[in-house]
Amino acid sequence: MVRVPRVQLSRLPGGRVLVTDGDSRLELGLGDLPAYVNAREREQAPRWVWDDTARWYPDLLAAGVRVARCHDLRLVHHLLRRAPAADQRLLAGEQSERWDRLGPSVASEVGLFAADDLSEHLRADLEDARQVRTVAESLEAARLGLLVAAESAGALVAAELTYAGMPWRRDVHEALLAELLGPRPRHGARPQKLEELADQVRAALSTPTLNPDSNTELLTALRRAGLEVPDTRAHTLRALRHPAIEPLLQFRQRAHLFQTNGWTWSDEWTQGGRFRPTYQPAGSVTGRWSSNGGGALSFPAIVRPAAIADEGWVLVVTDVSQLEPRVLAGMSGDRALAHAARGADLYQGMVDDGAVATRNDAKLGLLGAMYGATSGESGRMVAELTRRYPQAFALLERAAHEGERGGTVRTLLGRGSPSVDEAWGSVEEADPEREASRRRAYGRFTRNFVVQGTGAEWALCWIADLRNRLWHLGAEGPLQARPHLVFFLHDEVVIHAPAHRAEAVVAAAREAAATASALVFRELSIDFPLSASVVRSYAEAGKTPPPQVD
DNA sequence: GACCGCATG
DNA sequence: GTACGTGATGCGGTCC
């Protein structure tokens, strides 16, 4: 294997950058960095080591420079701090407590980094040496090394997603808003169609002054109309029969659209034909990403029609079917479950293997086991399935038990769970009942952590490999001129690609899934079938899925 | 700052 | 028969 050289970048006072590379040291102006990075990428692409990808990479991308590999010291520091296989003593040293405290950079701060900031002056080379050694000397150098690489590659993907953005047609979005809400209201006012619906609700409840945004007022008005309800959730309201309900539900839905994906949101997050949410890799403790701007985590179906590929381009929308049950099969080595996982529908596979009567039973039982259901129909399923899939279910039971006795668990590649106190705060629980309940709740968390966390690792390996394949798919030029990722959410990916490359992109996504499976689960081959649709608009995706999948 | 309600996987 | 403190994230509203 070719050893990839590591080049560390550290920010110095005065807009300078320290470049360290083995024994050589070099100082550059921040403005000269893109050209330097670009030149080195062209000879032998090194691994760029920096404090935080979100601080360094956006400026490089803006200058047209794409890098092949990086090592994100902030993400990896936090990862290693909790990794059971890592010797914590090796992480201690100069500035290490500052790395402990280093939080994610926020989008609004990015512009500030060009300016001097002594407090941010961290020596990447020193921390890198500690991290490299910690991984190399860990009990599981191979797995942890893979996780570190995947986590860092994910950070590159996150920056590129925001940079490229989801293709966005503002005119289509605005037409949609006009249809559902009316013309854009002046600042602070309620849109016309919303006000009309509010009037209908007021009339139906004979409460002329009602503010339907206020649940307190709503509850009183509903009760005065003889509707005894515990809350005002849509699900509760739907069960009622009353002329106020229909307009109220419509009001709710459209008010939500207005507030979360209306004109204000559009002004802030959609510019130049692109929707650019910001992603936060490992934003949740299991390693899943979160989003800290624009709301990438809840990209509502109602606005998806506005996500439309450029002329001559398409969106390739692809997601993994039943990621977590497959991950469970892989990490537990349960051959019966792995067998059921062959094919497009794992739940149907369980039926065909004679483990359960119906597909719904399979789903209920498996999800119940992964989330820790103990009662109801789901609970009964779990008992039966434990007999059929002993290893898979034993793995979940062990994880739950570990959490209940106050311990921590880890993913397959070695990400550690936070302790119960870290996760939910340290409390002196006087009541033993409540203490027991807290422990059981944490047991459900650790039970789910192992599967969700390993699923996130698989997904990282998938997008990292896919990112590489897309770059080498044949086109030349900058990122946006080639097929490129524009959206990622847990187990789903959207690629923007020239129409004539759509089939190649789908193939790349499938190959990347196979690669991820082999990387994470080694010789134990688990199928990870993808559903893929090639569409112009995101809203068209998955409308006619080949097999039924959920 | 707490709560509710809603959207996503 | 059991339990109601939780699968997660983020967002924007009201209430006090």
Side-chain angles (χ1 to χ4, degrees), chain A residues 188 190 194 210-220 229-238 248-249 251-262 264-265 268-269 277-304 317 319-324 367-376 378-380 382-383 396 399-400 403 417 420 423-425 427 429 431 433-453 455-456 459 487-494 538 542 549-550:
Chain A
R190 194 176 265 157
L194 223 40
L210 174 72
N211 171 13
D213 274 326
S214 163
N215 291 326
T216 319
E217 288 183 35
L218 202 51
L219 223 41
T220 328
V229 280
D231 52 64
T232 70
R233 274 177 240 159
H235 177 79
T236 310
L237 298 176
R238 252 188 284 277
L248 178 54
L249 289 173
F251 175 89
R252 273 279 176 76
Q253 196 203 10
R254 296 184 194 200
H256 195 254
L257 168 67
F258 173 57
Q259 285 149 4
T260 59
N261 298 99
T264 314
W265 170 84
E268 186 168 1
W269 298 105
T278 55
Y279 297 85
Q280 203 183 118
S284 68
V285 290
T286 58
R288 277 189 170 188
W289 292 13
S290 62
S291 167
N292 53 5
L297 260 73
S298 51
F299 190 164
I302 199 165
V303 296
R304 290 187 189 189
V317 182
D319 65 272
V320 198
S321 315
Q322 305 140 345
L323 174 62
E324 285 169 7
L367 292 179
M370 292 191 295
Y371 288 137
T374 52
S375 60
S378 181
R380 264 193 299 114
V382 170
L396 295 168
S417 70
V420 62
W424 297 337
V427 289
E429 197 64 80
D431 182 353
E433 276 301 312
R434 287 177 78 82
E435 175 57 25
S437 154
R438 185 174 142 99
R439 282 177 180 278
R440 277 193 300 273
Y442 184 67
R444 284 194 294 279
F445 168 74
T446 50
R447 171 195 292 271
N448 189 246
F449 181 96
V450 293
V451 189
Q452 189 186 114
F487 191 70
F488 169 62
L489 185 54
H490 305 326
D491 58 2
E492 177 176 359
V493 139
V494 182
Y538 192 13
V549 162
D550 40 54

Could you check which of [options] has an atom nearest any side-chain atom of [X]?
X	options	answer
Arg440(A)	dG5(C), dC4(C), dA7(B)	dC4(C)
Ser284(A)	dA7(B), dT8(B), dT9(C)	dT9(C)
Ala234(A)	dT9(C), dG5(B), dC6(B)	dC6(B)

Problem - Distance between C1' atoms of dG5(C) and dA2(B) (Å, rounded) - result: 16 Å
Problem - Inter-nucleotide P distance (dT6(C), dC4(B)), Å rounded - result: 11 Å
Exercise for the section: Taking only the side-chain nitrogens and oxygens of Arg252(A), find out if one of them lies under 4.0 Å from OP1 or OP2 of dC6(B). Expected result: yes
Practice task
Indicate whether OP1 or OP2 belonging to dG5(B) is found under 4.0 Å from a side-chain N or O atom of Arg233(A).
Solution key: yes
If you look at every strand shown and take non-hydrogen atoms under 4.0 Å, does [X] touch a base, only sugar-phosphate, or nothing?
X	result
Arg304(A)	sugar-phosphate
Ala301(A)	sugar-phosphate
Leu297(A)	base

Handout entry: Flag side-chain contact, heavy atom, 4.5 Å: Phe488(A) against Pro281(A)
Key = no
Exercise for the section: For Phe449(A), enumerate each residue passing the ring pair (Phe, Tyr, Trp, His ring centres under 6.0 Å) test, keeping only those at least two apart in sequence or located in another chain. Expected result: Phe445(A)
Problem - Residue pairs involving residues 288-300 of chain A (criterion salt bridge (Lys or Arg N to Asp or Glu O under 4.0 Å); sequence neighbours excluded) - result: Arg288(A)-Glu324(A)
Are any protein N/O atoms closer than 3.5 Å to N/O atoms in nucleotides 12-15 of chain C? If there are, list each pair with its distance.
| unit_1 | atom_1 | unit_2 | atom_2 | d |
| --- | --- | --- | --- | --- |
| dT14(C) | O3' | Ser214(A) | OG | 3.3 |
| dC15(C) | OP1 | Ser214(A) | OG | 2.3 |

Problem - Verdict with supporting geometry, Phe299(A) and Phe487(A), ring pair (Phe, Tyr, Trp, His ring centres under 6.0 Å) - result: CA-CA 10 Å; Phe299(A) 190 164; Phe487(A) 191 70; 5.4 Å; yes
Problem - Under 3.5 Å donor-acceptor, Trp265(A) side chain and Gln259(A) backbone - result: no
